[in-house]
Each structure stands twice: as structure tokens, then as C-alpha cells.
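The block underneath contains the structure these notes are about, expressed in C-alpha cells.
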Amino acid sequence: MAFLLGAFLGLVLGVAVVMAFARLENTRAEQRRELAATVSSFSKLTVEDLRKLIPLELYPSWLKWLNQELVKIWPFVNEAASELIKTSVEPIFEQYKSFILSSLHFSKLTLGTVAPQFTGVSILDSDSSGITMELELQWDGNPNIVLDIQTTLGISLPVQVKNIGFTGVLRLVFKPLVAELPCFGAVCCSLREKSKVDFTLKVIGGEMTAIPGISDAIEGTIRDTIEDQLTWPNRIVVPIVPGDYSDLELKPVGLLEVKLVEARDLTNKDLVGKSDPFAVLYIRPLQDKMKKSKTINNDLNPIWNEHYEFVVEDTSTQRLTVKIYDDEGLQASELIGCARVDLSDLQPGKVKEVWLDLVKDLEIQRDKKRRGQVHLELLYYPFGKQEGVSNPFADQIQLTSLEKVLKTESNGFDVNQRKNVIMRGVLSVTVISAEDLPPMDVMGKADPFVVLYLKKGETKKKTRVVTETLNPIWNQTFDFVVEDALHDLLMVEVWDHDTFGKDYIGRCILTLTRVILEGEFQDEFVLQGAKSGKLNLHFKWTPQPIYRDRDRDQ
């Protein structure tokens, strides 16, 4: 009896211990989840959120002192800065103005009575060559800014810029350090990253909506000026001590070659017919550095095959932007979509082909609507030391056949020479096989064959028909004599053979740059316009480079 009683009490005690342990573990798990949620919430706080949580009176005393001193000297800063901005920014406006604007000048400019507030200071780098400092600041000012706008229609508009709000990080580089006061020779000023700038525009004595597109044109000019001229790596160099500070200015470090190949499945912006798309490409939104393609009329799958070159100044921060518009004739062109490529993603000396999804806005990507894709081929190569900029990749890039052709006797790249080269040669294409083609007949099979031709050529090559299969194997080789490979395209189309005709399955549009650079390669290519399927192709290039007859061209 005692044994049974002991066993019962032991069982009850064991169950109680297990239940208590489980309850404790559940409580601790719940606490960990709450802590993780709290940490996650804090990690998502922006600088603006932290400013709302931490009142100004809790800022460090030295930061409060800095803001108090700025308030005292602000009237003098306002007077000096207003004149400096007016004389330096007006010429910059001319570079960024929209085609709707004929001229843009300040008729009034004062920064008002409200001084900016510093919310943080940090020293990034300090050595014998210079000091890099970052200042977090916000400004909800009351400036008096009036712009005298002249439109291309001959209309003059006085436009007031109101309700300016700015939040950002100002980067100051004091360099070089010198023995005389103030101990540095010059100051480089820029914004660390694209900053938040809010403002409203108001026509004095009129309505902004009186001229369609004028508000967007003015706002775009202002934002492009701020983003391109003041955002790092771009900078303003202010000499303090007389001297030569050209080494502090932004310099070209390389060249980006861009081939705008095509676009597909573009959104139709026209009620009748199809859109008339053209593309605008740029690294910096300067009018003389932006490239515009030809317009392809009535086509949602345009093929441009156009080549552009862009000077690169900083691969770590700069990006290539492409915008596709619908040409509306005399009216303002309508944006179809835009895309962007970070130059830091490019490997120097290597061709990269990309399909970019078009979006409505590059900054706020809330609209998930499909707007089409654009096909680009990119090649970045740094300048060598002979260009005045050290090339860290010079010893790492093995010269290809294309680069050897473009080498000059001075052992350096000649950009002008590059434009005069015609890459002539023989292109051998082996159509190996296709996989996972879509069924084209009632039996769930297809009778596929492939047609190949050059965009600038007239001769078409055709494989044999492989019957009743979705995974055909051809292993057929075709040779093409290419007259200008850098500016031609290979069109590869897949068709289904029928007794009384043929049905289109899909196609691949291929540039020849990669085979020129590599000499020979094999790869898989997804069929465009088909529900499924890909082609296996092998390429070989036998070059015969020649030069354009400059006298004949002239």
C-alpha cells in the first residue's frame, strides 16, 4: 500500500514539475518574442522618427551650442549664401532645364529668418591629408525665392518657391591641411546621399495649371540640379587658401558602352493604334550628356540596336538610368516606364546583358503594374594611367581580340580610334538543340525548325524540320559574313512547320559583342514571345577588322 501511495505521489510531483517547466519555457519564449518585436521596431526607426522620440533638450550640450551659434550668425550667413547661390546656381539651371523652359533666373532670393538645425555630427576620416565630416541637418525654412521663368512659348511667369523642407546629411571634406589658418586649403561640400527636399510652387497672380507640364518641368529642373550637382560623388569645391585644387574635383575614371537592343511588352499609351516608343539614357541628367534613341512607330516590341558611350566618374555610386517614352508629336511625351542599373554591378572588361523591368517611379515603387522590359548590353572599361587616372584593373584584364585591335602604338586606348573600327569577320553559329518548346498541334507536339539572319543582312539560313517533338536536336552550323559586327544583331526565330504553312513560336535577338570579345562560347537563350522554351547555341568568331575610310565619310 505504501508503495502504491509513493508511486502516486511521485507521479503527481513529476507531472507538476514538467508542467511548471513547460509554463516557464512558454513565458520565456513569449518574452523573447516581445523583445525581438521591440528590437525590430527600433531597427526600422528612421532619423526623423528618432528626432520625434528624443526632444531637443536631450541633445548633447555641444550640439545645442552649435545650433545656438548658427542662429546668431544666420543673418550674415543668409546674406552671403543668398548671393553665392544666385550667382552659382543660375548657370547650373541652364544645364538641367526642360525643353519647355527657355530660361530660369532668380528675381528674388533670401533664405529667410529660420536657421537650419544640426541633429548630429560625425568625423568619418581624419589623417594628415584631410578631415571628412558629416553633419545631419533639417531645415523648415521661410525663404523668399521667386523665379523668373521664360517658356519656349514666349510666356513669362513669376514663380514663388514656398514651404521648403529639407532633411539630409551634409558631407564636408577639409583638404589639404595646411600650416596657416584656418588650417585647411579648401572645403568640398556635397550631400552624402539623395536627400528629402519638399517644396511647393505658386505662380504669382496666376495658376500653375495654366500651362500643362510647366510645374513638372520646374520641379524636375530643381530636383535634378540638387541630385546631380550636390549629391556625392559630385561636390562643390570652395577654395579657402589660394592654390590649385583641381585634384579635388570629380574626374572621369572610365567609359561605359551601352547598346540599347530592344524592349518588349510595353504598356500601350495610345487609345488608337500602339505607342511610338523612344528611349532616353543617362548617367547624369545633363542635357548634353543624355542620349535619345530614334522613335519606333506603332510598336510595343521595338528593336533599336543603338550604341552609346558615357563617361563614368565614380562606379561605386553612379547609375545608368533608362526611360522609355511614348512620342506624342507636338504634345509632351508620356512616360511608359523607367529602370536603373548600378555601375558597381559591372565587372570591368566583361560584357553584361540585362533585361530590366520598367517601373513607374524609380524612388517610390508602389505601383506593381507590368510596364514591359528593356534589353541592354553593357561594357565598362576603366581608363588607363595615360588618361591621368590610376586604373586598378589594368593588370587584371586580359586583352581580347577587340581590345587588341583598339590598342594604339602608344600602348593605350584611343577612344576616337574605337569609333572608326569596323569589326568585319565570319560568324559561325551552331544550332544545337531546343528544350521545352510549347505544343503547337492537337497532339501536344510540334514540328520545329530555326531561321537565322542578320538584322542588316538579307540572307536567311534555315535548319531542317524535326517532327513531332518539343525537344528537337539539330546540330547544324551556319556561317555569316558580317560587315559591321559591333552594330549588327543576329535574329534567331523558331517556327512550327505545318502542311499548309508555318506558325511562329518565338525568337532570340542577340548582339555580337560577346562573341567578338570571347572568340567562342556556348550558352542557353530563353525564347521571347513563347510560353516556354530555350535554345542551345554555339558561336565562333573569325575576325577581319578594318577601318572606316575617314576621307570618304567626310
Side-chain angles (χ1 to χ4, degrees), residues 258-266 301-307 339 341 345-347 350-357 372-379 423 425-440 446-457 459-466 469-480 482 485-497 502-541:
V258 180
K259 180 171 286 187
L260 173 65
V261 183
E262 59 177 321
R264 65 185 180 194
D265 303 328
L266 296 180
N301 298 280
I303 300 175
W304 288 288
N305 189 30
E306 296 187 17
H307 178 265
V341 180
D345 294 337
L346 304 181
Q347 184 178 357
K350 301 297 181 182
V351 176
K352 183 173 183 178
E353 288 196 52
V354 293
W355 279 97
L356 303 176
D357 293 326
Q373 293 179 305
V374 62
H375 181 193
L376 302 177
E377 181 185 79
L378 307 171
L379 172 61
M423 292 306 298
V426 177
L427 175 67
S428 299
V429 183
T430 301
V431 183
I432 301 173
S433 62
E435 300 176 18
D436 195 25
L437 296 179
M440 301 297 292
D447 304 314
F449 66 94
V450 178
V451 176
L452 306 92
Y453 61 94
L454 294 171
K455 178 72 173 174
K456 294 185 176 181
T459 304
K460 293 187 176 183
K461 306 294 179 72
K462 174 182 171 183
T463 69
R464 65 179 180 273
V465 177
V466 181
T469 181
L470 301 180
N471 299 283
I473 298 176
W474 291 285
N475 279 324
Q476 290 183 256
T477 301
F478 305 94
D479 292 334
F480 295 89
V482 186
L486 288 176
H487 304 95
D488 212 340
L489 295 174
L490 177 66
M491 317 292 287
V492 185
E493 299 176 347
V494 181
W495 294 81
D496 174 48
H497 176 75
K502 59 182 180 179
D503 296 321
Y504 176 76
I505 297 178
R507 71 179 181 186
C508 298
I509 300 177
L510 308 173
T511 66
L512 306 185
T513 311
R514 181 180 173 188
V515 70
I516 294 173
L517 291 174
E518 298 184 14
E520 185 174 0
F521 75 93
Q522 180 176 322
D523 208 342
E524 293 181 344
F525 301 91
V526 176
L527 280 180
Q528 303 173 27
K531 295 181 180 179
S532 62
K534 54 188 177 182
L535 278 174
N536 297 310
L537 304 174
H538 178 272
F539 296 91
K540 185 177 181 180
W541 175 253

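None of these values were measured; they are calculated from a predicted model.
For E262, the side chain to side chain contact (heavy atoms under 4.5 Å, CB included) criterion is met by I303, W355, H375, R507, I509, Q528, not counting sequence neighbours. Scored by the salt bridge (charged side-chain N to carboxylate O under 4.0 Å, His left out) test, E524 finds K534 as partners (sequence neighbours excluded). The side chain to side chain contact (heavy atoms under 4.5 Å, CB included) check on K531 picks up nothing, with sequence neighbours excluded. In this structure, K461 has no side-chain hydrogen bond (donor to acceptor under 3.5 Å, both in side chains) partners at least two apart in sequence or on a different chain. Among residues two or more places apart in sequence or in another chain, the side-chain hydrogen bond (donor to acceptor under 3.5 Å, both in side chains) test is passed with S428 by D479. Every residue meeting the side-chain hydrogen bond (donor to acceptor under 3.5 Å, both in side chains) condition with D357, not counting sequence neighbours, appears here in chain and number order: Q373. Evaluation of the side-chain hydrogen bond (donor to acceptor under 3.5 Å, both in side chains) rule for R514 yields E518, D523 as partners, not counting sequence neighbours.
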Donor-acceptor contacts, no H, no angles, side chain residues 430-440, under 3.5 Å, sequence neighbours left out:
unit_1	atom_1	unit_2	atom_2	d
T430	OG1	T477	OG1	2.8
S433	OG	N536	ND2	2.7
E435	OE2	N536	ND2	3.1

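When the options L510, V492, V526 are evaluated for a side chain to side chain contact (heavy atoms under 4.5 Å, CB included) with L535, the one that passes is V492. When the options I505, T463, V466 are evaluated for a side chain to side chain contact (heavy atoms under 4.5 Å, CB included) with V450, the one that passes is T463.
A 4.5 Å side-chain heavy-atom check between V515 and K540 finds every atom pair outside the cut-off. L376 places none of its side-chain heavy atoms less than 4.5 Å from the side chain of V261. Within the 4.5 Å cutoff, no side-chain heavy atoms of L489 are placed close to those of L454. With contacts defined as side-chain heavy-atom distances shorter than 4.5 Å, the pair T459/F480 does not qualify. Under the 4.5 Å side-chain criterion, counting only non-hydrogen atoms from C-beta, C508 is in contact with L527. Side-chain contact check for N301 versus D265: some heavy-atom pair is nearer than 4.5 Å.
In plain terms, the two heavy atoms of P472 and W474 that are nearest each other are CG-CH2, 3.3 Å.
Considering CG of L379 and CG of L346, their distance stands at 9.0 Å, rounded to 0.5 Å. Taken to the nearest 0.5 Å, the CG atom of N475 stands 11.5 Å off from the NE2 atom of H538. Annotation: the span from E377 atom CD to T511 atom OG1 amounts to 3.0 Å, rounded to 0.5 Å. Here the straight-line distance linking atom CG of L490 with atom NZ of K455 works out to 12.0 Å at 0.5 Å rounding. Between E520 atom CD and F539 atom CZ the span is 11.5 Å, to the nearest 0.5 Å.
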As a quick check of understanding, evaluate side-chain contact (heavy atoms from CB on, under 4.5 Å) for Y453 and E493, giving each step before the final call. CA-CA 9 Å; Y453 61 94; E493 299 176 347; 2.9 Å; yes
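In this structure, the side chain of D496 does not engage the main chain of A446 through any donor-acceptor pair within 3.5 Å. Side-chain atoms of Q476 come within 3.5 Å of backbone atoms of R464 as a donor-acceptor pair (strictly under, hydrogens ignored).
The aromatic rings of F449 and H497 sit perpendicular to each other, their planes meeting at more than 60°, with 30° as the lower class boundary.
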